[in-house]
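Below: one structure, written as C-alpha cells.
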Amino acid sequence: MQTTKEGTLINIEVQVANQYNIDKRTMYCWAGLYHGQLTSGQKFAGLRKTVIINILAFDWFRGDGRYHRSFHVRDDETGELLCDDLEIHFLELEKIKAIKRRPKNALEAWMMYLNDAAPN
C-alpha cells in the first residue's frame with residue numbers, strides 16, 4: 001500500500017489466476033484499508049480516500065471490451081457521488097491485447113508493457 005502526498009491510500013494487486021471472487025476480494029480489501037485508518041474514538045473526518053487498483057491477467061467483465069473499469073459510490077437515479085473516499089479500478093490485461101496500434105496514453109502503454117513482460 002502507498003500513500004500519496006494528498007494522503008490518499010492506494011493498494012495495487014495483480015491477480016494472475018481467476019479465483020472467481022475478485023469482486024468480493026476487492027471490497028474486502030478496500031473495507032479493511034478504510035476501516036483500519038481509525039482507532040476507537042477517532043473522528044470519521046480523519047478517513048482518507050482509499051483506492052484499489054486490480055491488474056487482472058484474465059477477463060472478469062465478460063461481454064465488455066473495455067480494458068479499464070472504474071467504480072465509485074453513486075446514487076442509482078441521479079448519479080450523484082455519495083463520497084469520494086471509495087475508488088476501485090480493474091485493468092484487464094487480456095483486453096488490451098486486442099489493441100493493434102500504438103498506445104494513446106500512459107495507461108495503455110503500461111498495460112501493453114505488462115503484457116509483454118508477463119511470461120507466456
Restricting to non-hydrogen atoms, name the atom on [X] and the atom on [Y] that form the minimum distance, rounded to 0.1 Å.
{"X": "S70", "Y": "H89", "answer": "OG-CE1, 3.4 Å"}
{"X": "P103", "Y": "A109", "answer": "CB-N, 3.5 Å"}
{"X": "L33", "Y": "L9", "answer": "O-CD1, 4.1 Å"}

Considering only heavy atoms from C-beta outward, does the side chain of [X] approach that of [Y] to under 4.5 Å?
{"X": "C83", "Y": "V73", "result": "no"}
{"X": "I10", "Y": "T3", "result": "no"}
{"X": "I88", "Y": "V51", "result": "no"}
{"X": "I55", "Y": "E13", "result": "no"}
{"X": "I22", "Y": "Q15", "result": "yes"}
{"X": "E87", "Y": "I52", "result": "no"}

Can you check whether [Y]'s main-chain N or O pairs, donor with acceptor, with [X]'s side chain at less than 3.5 Å?
{"X": "D75", "Y": "T78", "answer": "yes"}
{"X": "N54", "Y": "L56", "answer": "no"}
{"X": "N18", "Y": "Y20", "answer": "yes"}
{"X": "T4", "Y": "T8", "answer": "yes"}

Residue pair I99, K104: steps toward the side-chain contact (heavy atoms from CB on, under 4.5 Å) verdict: CA-CA 10 Å; I99 296 176; K104 286 186 176 178; over 6 Å; no
Using a strict cut-off of less than 4.0 Å between a Lys/Arg side-chain nitrogen and an Asp/Glu carboxylate oxygen, indicate whether [X] and [Y] qualify as a salt bridge.
{"X": "E80", "Y": "R74", "answer": "no"}
{"X": "K95", "Y": "D64", "answer": "no"}
{"X": "K49", "Y": "E6", "answer": "no"}

Euclidean distance, [Y] [atom2] relative to [X] [atom1], rounded to 0.5 Å:
{"X": "R66", "Y": "I96", "atom1": "CZ", "atom2": "CD1", "value": "13.0 Å"}
{"X": "M1", "Y": "C29", "atom1": "CE", "atom2": "SG", "value": "9.5 Å"}
{"X": "R102", "Y": "M112", "atom1": "CZ", "atom2": "CE", "value": "9.5 Å"}
{"X": "R48", "Y": "D85", "atom1": "CZ", "atom2": "CG", "value": "10.5 Å"}

same_hphob_cluster([X], [Y]) at 4.5 Å side-chain heavy-atom cutoff:
{"X": "F61", "Y": "V16", "answer": "no"}
{"X": "W30", "Y": "F44", "answer": "yes"}
{"X": "L82", "Y": "M27", "answer": "yes"}

Ring-plane angle category for F58 and W60, please: parallel below 30°, perpendicular beyond 60°, tilted otherwise.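 Judged by the thresholds at 30° and 60°, the geometry between F58 and W60 is perpendicular.
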Determine the interplanar angle of the F71 and F90 rings, folded into 0 to 90°, and report it as parallel if under 30°, tilted if 30 to 60°, perpendicular if over 60°.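 Taking F90 first and then F71, their aromatic rings stand perpendicular (interplane angle over 60°).
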Could you go through E108 and Y67, starting from their C-alpha distance and side-chain angles, then the distance that decides it, and tell me whether this counts as side-chain contact (heavy atoms from CB on, under 4.5 Å)? CA-CA 9 Å; E108 285 186 2; Y67 58 82; 2.7 Å; yes
Before we go on, tell me: are the rings of Y34 and Y28 under 6.0 Å apart, centre to centre?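 Between Y28 and Y34, which both carry aromatic rings, the centre distance is not below 6.0 Å.
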Compute whether any side-chain donor of one residue and acceptor of the other, for T50 and Q37, lie under 3.5 angstrom apart. yes
If you measure only the distance, is there a donor-acceptor pair under 3.5 Å linking the side chains of D23 and T26? no
